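Structure first, then comments.
Everything numeric here is computed off the predicted structure, so don't read it as measured data. To find a chain, count down the sequence lines: A is the first, B the second, and so on, and within it residues start at 1.
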Amino acid sequence: MKIEIETLLKQALTHLCAQGVLPINPGSNPTVTRSKDPQHGEYASNLAMTLAKSAGLNPRDMATAIVEALPASEVIDRVEIAGPGFINFFLNPESNTRAVAQILEQGSQFGLSDIGKGKKILIEFVSANPTGPLHVGHGRGAAYGAALADLLAAAGFEVEREYYVNDAGRQMDILAVSVWLRYLELCGESLPFPVNGYRGSYVKQIAEDLFNQQQHQLREPVLEVLADLPKDEIDGGDKEIYIDALIQRARKLLQNRYDIVFNIALNIILDDIKNDLAEFGVHYQYWFSERSLEKKSLACLEKLQQAGYLYEKDGALWFRSSDFGDEKDRVVQRDNGQPTYFTSDIAYHLEKIERGYDRLIDIWGADHHGYIPRVNAAMQAMGLDAGKLDILLVQFAILYRGKEKVSMSTRSGEFVTLRELRHEVGNDAARFFYIMRRSEQHMDFDLELAKSQSNDNPVYYVQYAHARICSVFRQLKEKNFVYLQAQGLKHLDRLTETHETALIKTLGRFPEVIENSALTAEPHQLTYYLRELANAFHSYYNAHQFLVDDADLRNARLALVEACGYVLRNALSIIGVSAPESM
RNA sequence: GCGCCUGUAGCUCAAUCGGAUAGAGCAACGGCCUUCUAAGCCGUAGGCUGCAGGUUCGAGUCCUGCCAGGCGCGCCA
């Protein structure tokens, strides 16, 4: 409908240009928006105000000229000029109710758009280090990424979802050593736990699994483990140096058995994460291993070296990212010869581009924002189209337990896991809650409130609308009425109540909401829409009886209600929330 | 100190490329169940959009400068 009006306006402009009223055709698409106020019709355009200056007319006269040049249309009842020069379009009542017929015809397909034209998008999200279970901070990225992916798919993009597994690097070694030390404790040894180690209880559980599987196969004498190590922080030393020394010691003593510890820790945690996300309704096509990039990383370094973007300083290898807008150069290879995480990431983005996507989306926690310029720099230096990459940031949810802030540190082990949250508030509430706010918005997540299962939770409000619709159709049978959809569609003109036209209008807006929220990467718009839709339905429900004796009216109303059910289900499924048939 | 994000009703948040009278939910107050589920509906009240300038037909939105909060500024990831 919006497009039809835009087309009409375009035709009017062409006409005006031919007449010489307008100097040149502006070319750009006329702006048509939904009116907020019914007094301003269904749709409005600010076209006249934007063109007035170049035409040398005042906006109202410009509007008059445009309106006079508008071709006749069947869908438009009348056009008015209002305010400073808005052109308001009033639709025929039939054009309004035709949304109902369209919804019933398209069913679960209603709202889908082809605006994406099948372009291939890879969306990478969560990608938390497999050094511990997902916590509630990761949950927001999971809910946001999954909703955005489904939204883009609904808008006609070909979407693939990927989790980048950081299974290489120092953090994983720290985890492996933490597990091994806990394992040694289970063997009956007594030794200090490093300040920088992972202290979560899950580390002890992994150690138990390790012990059950390996018994004393991985046991080494404590004296040898601790011999000649530098001081840990607690003894006045440096915790980083200490843990690195401990990692070297573990590798040396365990030799090839080190990989057993490492892999068991990795697999247990990764399986847990996969399981957790699946239960949350978040699914991936790919789990991409950082370790698999080893060769590609070296190749990238070579390429950058040859292009003259690398130099040596202080024994390390640096990338001239500042040549591409980063605030300083970055290390790609440490003085110990190990490539940095950044190097893997260069290779990873090369890999993703090579796989042939039209667009890459990375969703990161906002604390990584300082990392964006160097990734863009690397892509440019590698000769890749950095314009294909969109990095979207999700602000962390600040957790509150009542009024008290909950500290969130994986290392200390004091965190609320995503799983705990899901079990306490339910998947539906968690999914809805997480994406209710704009992703760049800092979010206060009060656990007490979320756990309280109170009616404050808007997800119930929306789900209740759906349950009520299902209930109406159950009642239909009990009251020995019959619903004939075809009859209802024939008599849509009977739907003249204010609540009915309002509901129909809201339903008709759904495709626009999908397109808009997909293109702006703002799934929260969908939750606001759902609340509006549920409100329009509940108001209607309270104001009018659907199961009336007048068969034509009853069928028409039930057609409308059925259509409402479809849209509720379609919208809820995109954000991963269930549509219960009864509550 | 520099960079990114944010600042809107008592609280949590919306507001379409810069559009018309800044909107919801919660909390508060007052109504509505003999009728398809009251997890609902209707109404009242609540605002100098952090502050000060600027841009223009028009600014919560764009620009500049302040103020406040969050995050980042590793040879961690």
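- Between H368(A) and Y371(A), the ring planes are perpendicular. Angles over 60° get that label, and only those under 30° would be called parallel.
- Side chains of D428(A) and Q463(A): a donor-acceptor N/O pair is present below 3.5 angstrom, by distance only.
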### Query
Which is it for E512(A) and R34(A) under the salt bridge (Lys or Arg N to Asp or Glu O under 4.0 Å) test, yes or no, and what are the steps along the way?
CA-CA 10 Å; E512(A) 290 165 32; R34(A) 285 256 176 196; 3.1 Å; yes

### Query
Stepwise, does the side chain to side chain donor-acceptor pair (under 3.5 Å) test hold for N555(A) with Q485(A)?
CA-CA 6 Å; N555(A) 283 321; Q485(A) 194 193 73; over 6 Å; no

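- The two residues Q545(A) and V548(A) come nearest to each other via the heavy atoms O-CG1, 3.4 Å.
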Between protein and nucleotides 58-63 of chain B, what N or O pairs are separated by less than 3.5 Å?
none

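- Of the P atoms belonging to C29(B) and G65(B), the separation is 47 Å, rounded to the nearest Å.
- Using a 4.0 Å cut-off between charged nitrogen and carboxylate oxygen, R334(A) and D314(A) do not count as a salt-bridge pair.
- Atom CZ of R330(A) and atom P of G74(B) are 7 Å apart (whole Å).
- Among the protein residues, Y371(A) comes within range of the nucleic acid bases, having at least one heavy atom under 4.0 Å from a base atom.
- Classified by its glycosidic torsion, C17(B) falls in the syn category, the angle being within 90° of 0.
- Contact annotation for Q463(A): no contact, since no heavy-atom pair falls under 4.0 Å across all strands.
- One can place OH of Y311(A) at 11 Å from P of C75(B), the figure rounded to the nearest angstrom.
- If you check every strand for non-hydrogen atoms under 4.0 Å, A465(A) touches nothing.
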#### Entry: Which nucleotides of RNA chain B pair, in dot-bracket form (Watson-Crick or G-U under 3.5 Å, | meaning another strand)
(((((((..((((.....[...)))).(((((.......))))).....(((((..]....))))))))))))....

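- Of the P atoms belonging to G50(B) and A15(B), the separation is 15 Å, rounded to the nearest Å.
- Atom-to-atom, CZ of F432(A) to C1' of G25(B) comes out at 11 Å; the value is rounded to the nearest Å.
- Contact annotation for N88(A): base contact, defined as any heavy-atom pair under 4.0 Å involving a base atom.
- Distance check on atom C1': G43(B) versus G3(B) gives 49 Å, rounded to whole Å.
- Between H499(A) and Y541(A), the ring center distance fails the sub-6.0 Å criterion.
- Contacts of N166(A) with the nucleic acid, taken as non-hydrogen atoms under 4.0 Å apart, involve only primed sugar atoms and P, OP1 or OP2.
- Note that R140(A) lies outside the cation-pi zone of Y144(A), set by a 6.0 Å cut-off to the ring centre and a 45° limit from the axis.
- Put simply, CD on E478(A) is 14 Å from P on U35(B), counting in whole angstrom units.
- Of the two residues contacting RNA chain B, namely E581(A) and A366(A), the nearest-nucleotide position lying further toward the 5' end is that of E581(A).
- If you take CD1 of I87(A) and P of A20(B), they are 16 Å apart, rounded to a whole angstrom.
- Residue contacts for F342(A): at a heavy-atom cut-off of 4.0 Å it reaches no nucleic acid atom on any strand shown.
- Annotation for Q487(A): atom CD counts as buried by contact number, over 12 foreign heavy atoms lying within 6.0 Å.
- Between A77(B), A39(B), C75(B), one nucleotide has an atom nearer to the side chain of A316(A) than all others, and that is C75(B).
- Summarising the geometry, the separation between CG on L553(A) and C1' on C36(B) is reported as 14 Å, rounded to the nearest angstrom.
- Using a 4.0 Å heavy-atom distance criterion, Q545(A) is classed as a base contact.
- A close approach under 4.0 Å does occur between a side-chain nitrogen or oxygen of K328(A) and OP1 or OP2 of G74(B).
- Of all nucleotides listed (C36(B), C76(B), U21(B)), C76(B) comes nearest to the side chain of Q171(A).
- Comparing the P positions of A59(B) and C5(B) gives a spacing of 24 Å, expressed to the nearest Å.
- D326(A) meets the salt bridge (Lys or Arg N to Asp or Glu O under 4.0 Å) test with R330(A); sequence neighbours excluded.
- Of the candidates A77(B), G72(B), C5(B), the closest approach to any side-chain atom of D367(A) belongs to G72(B).
- In the set C36(B), A20(B), C76(B), the nucleotide with an atom closest to the side chain of S471(A) is C36(B).
- For the pair D37(A) and E327(A), nearest-nucleotide mapping onto RNA chain B gives the more 5' position to D37(A).
- Across every non-hydrogen atom of A48(A) and G85(A), the tightest pair is CB-O, 3.6 Å.
- Classification of C67(B) as anti follows from a glycosidic angle more than 90° from 0.
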Please write out each protein N/O paired with an N/O of nucleotides 41-44 of chain B under 3.5 Å, distance rounded to 0.1 Å.
| residue | atom | partner | partner atom | Å |
| --- | --- | --- | --- | --- |
| C41(B) | OP1 | Y461(A) | OH | 2.3 |
| C41(B) | OP1 | N535(A) | ND2 | 3.2 |
| C41(B) | O4' | N542(A) | ND2 | 3.0 |
| C41(B) | O3' | S539(A) | OG | 3.2 |
| C42(B) | OP1 | S539(A) | OG | 2.9 |

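- Of the candidates A20(B), C71(B), U6(B), the closest approach to any side-chain atom of H369(A) belongs to C71(B).
- Comparing A20(B) with C26(B), their P atoms are spaced 26 Å from each other, to the whole Å.
- Closest to the R334(A) side chain, of the nucleotides G72(B), G19(B), C75(B), is C75(B).
- Going from atom OH of Y43(A) over to atom CZ of F90(A) covers 14.0 Å, rounded to the nearest 0.5 Å.
- Between the CD atom in E290(A) and the CG atom in N166(A) there is a gap of 5.0 Å [rounded to 0.5 Å].
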Distances under 3.5 Å only, N/O to N/O: pair up the protein atoms with those of nucleotides 13-15 of chain B.
| residue | atom | partner | partner atom | Å |
| --- | --- | --- | --- | --- |
| C13(B) | OP1 | H442(A) | O | 3.0 |
| C13(B) | OP1 | D444(A) | N | 3.2 |
| C13(B) | O2' | Y528(A) | OH | 2.2 |
| A14(B) | OP1 | R438(A) | N | 2.7 |
| A14(B) | OP2 | Q441(A) | NE2 | 2.9 |
| A14(B) | O4' | Y528(A) | OH | 3.3 |
| A15(B) | OP1 | H524(A) | NE2 | 3.1 |

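- Of all nucleotides listed (U35(B), C5(B), A38(B)), C5(B) comes nearest to the side chain of Q395(A).
- Remark: P of C5(B) and CD1 of I391(A) are 14 Å apart, rounded to the nearest angstrom.
- Partners of D549(A) according to the side chain to side chain contact (heavy atoms under 4.5 Å, CB included) rule, which considers only residues two or more places apart in sequence or in another chain, are F481(A).
- Closest to the D314(A) side chain, of the nucleotides C75(B), A77(B), U35(B), is C75(B).
- Heavy atoms from other residues, nucleotides or ligands lying under 6.0 Å from CD of E581(A) number 12 at most.
- Across the protein-nucleic acid pair, M583(A) atom CE and A38(B) atom P stand 13 Å apart, rounded to whole Å.
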